[in-house]
**Student:** 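Handing you this structure, nothing more for now.
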Amino acid sequence: MRGRFLLPVLLLGLAWAQEVFDQVLFAGNWNLAMGPGLPWWGVLSAPFSHSGFGHLLSNSVIFLVLSWLVLTRGVRDYLSVWVAVLVMNVPIALLWPTRSHGLSGVIYGLLGYLLVIGWLEKKILPIVLSLVAFWLYGSALMALIPGVSPAGVSWVGHAGGFAGGLLAAWTQGNGNPKPD
């Protein structure tokens with residue numbers, strides 16, 4: 001049981017290791033973003049790549065909190081969010097004209113999942129998770145609106161991640177009801 005809560009810590013450790021490696025050996029120029037003209041595997045590496053320690057730090061705590069909230073439902077749900085976010089990133093990487101990277105797409109996927117799973121399952125624990133997620137991070141939904149995010153912030157990466165979270169909630173909450 002406790003082991004599954006280490007999974008986000010290990011994933012976050014990969015992002016921190018990449019950033020330390022990038023800053024120390026490449027002076028911040030080794031970004032593993034996804035986007036036009038970049039290798040296909042950028043879709044897989046982009047969540048672990050950041051534009052500096054500030055960018056990574058701003059994602060770290062939120063990522064852990066939302067990850068742990070999703071993991072209260074199980075590893076399958078958590079992995080389904082990751083897979084759905086990565087799947088939603090494929091058309092963004094292929095068609096969107098700018099590059100994108102960072103854990104924020106996954107963060108928005110976790111948030112999207114948590115916000116709708118209660119509505120889909122109509123059970124106490126998922127409803128409480130939805131309400132807690134909205135109370136903690138509902139204000140972040142504004143960044144899904146084009147033009148609201150600051151310059152250089154990939155709102156489309158956030159929106160794609162959020163859509164991935166909705167997809168994961170639908171696949172996990174619709175045909176796979178869990179007992180309370």
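Any value given below was found using the heavy atoms of this structure, including those in side chains, with hydrogens, waters and symmetry copies removed.
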**Student:** Which residue pairs pass the ring-ring contact (aromatic ring centres under 6.0 Å, His included) test with at least one member in residues 121-153, sequence neighbours excluded?
**Tutor:**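 Qualifying pairs, neighbours excluded: none.
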**Student:** Hey, what's the ring geometry for H55 with H101, parallel, tilted or perpendicular (30° and 60° as the breaks)?
**Tutor:**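 Taking H101 first and then H55, their aromatic rings stand perpendicular (interplane angle over 60°).
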**Student:** Under 3.5 Å, is there a donor-acceptor pair between the W96 and T98 side chains?
**Tutor:**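 Their side chains do contain a donor-acceptor pair, which is all the 3.5 Å distance test asks for.
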**Student:** Closest heavy-atom contact between S130 and G118?
**Tutor:**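 Closest approach of S130 to G118, heavy atoms only: OG-N, 3.0 Å.
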**Student:** For this output row, return yes or no: ring centroids of W119 and Y113 closer than 6.0 angstrom.
**Tutor:**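 No, too far apart.
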**Student:** Check for a donor-acceptor pair, side chain of S49 on one end and backbone N or O of A46 on the other, with a separation under 3.5 Å.
**Tutor:**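 Checked: no pair found.
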**Student:** If you apply the rule side-chain contact (heavy atoms from CB on, under 4.5 Å), what do you find for V106 with F63, and how did you get there?
**Tutor:** CA-CA 8 Å; V106 176; F63 172 74; 3.9 Å; yes
**Student:** State which residue, out of D22, L103, L57, fulfils the side-chain contact (heavy atoms from CB on, under 4.5 Å) condition with H50.
**Tutor:**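 Running side-chain contact (heavy atoms from CB on, under 4.5 Å) over D22, L103, L57 with H50 returns exactly one hit, L103.
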**Student:** What residues, two or more places apart in sequence or in another chain, satisfy side chain to side chain donor-acceptor pair (under 3.5 Å) together with W16?
**Tutor:**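 Side chain to side chain donor-acceptor pair (under 3.5 Å) check on W16 returns S60.
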**Student:** Can you name the residues that form a ring pair (Phe, Tyr, Trp, His ring centres under 6.0 Å) with Y108, not counting sequence neighbours?
**Tutor:**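 Per chain and number, Y108 pairs via ring pair (Phe, Tyr, Trp, His ring centres under 6.0 Å) with H158.
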**Student:** When clusters are formed from ILVMFWY side-chain contacts under 4.5 Å, directly or step by step, what else is grouped with V87?
**Tutor:**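 Cluster partners of V87: V83.
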**Student:** In chain order, what residues pass the side chain to side chain donor-acceptor pair (under 3.5 Å) check against S58, with sequence neighbours excluded?
**Tutor:**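 Counting only residues at least two positions away or on another chain, S58 forms no side chain to side chain donor-acceptor pair (under 3.5 Å).
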**Student:** Return the set of residues passing side chain to side chain donor-acceptor pair (under 3.5 Å) with N31 (not counting sequence neighbours), or none when no residue passes.
**Tutor:**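 Result, side chain to side chain donor-acceptor pair (under 3.5 Å) vs N31: none returned.
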**Student:** F48 and side-chain contact (heavy atoms from CB on, under 4.5 Å): which single residue from L56, L11, L12, L32 fits?
**Tutor:**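 So the option named by the test is L11.
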**Student:** Specify the closest pair of heavy atoms between V70 and D77, including all atoms of both residues, with the distance to one decimal.
**Tutor:**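 Heavy atoms of V70 and D77 come nearest at CG1-C, 4.1 Å.
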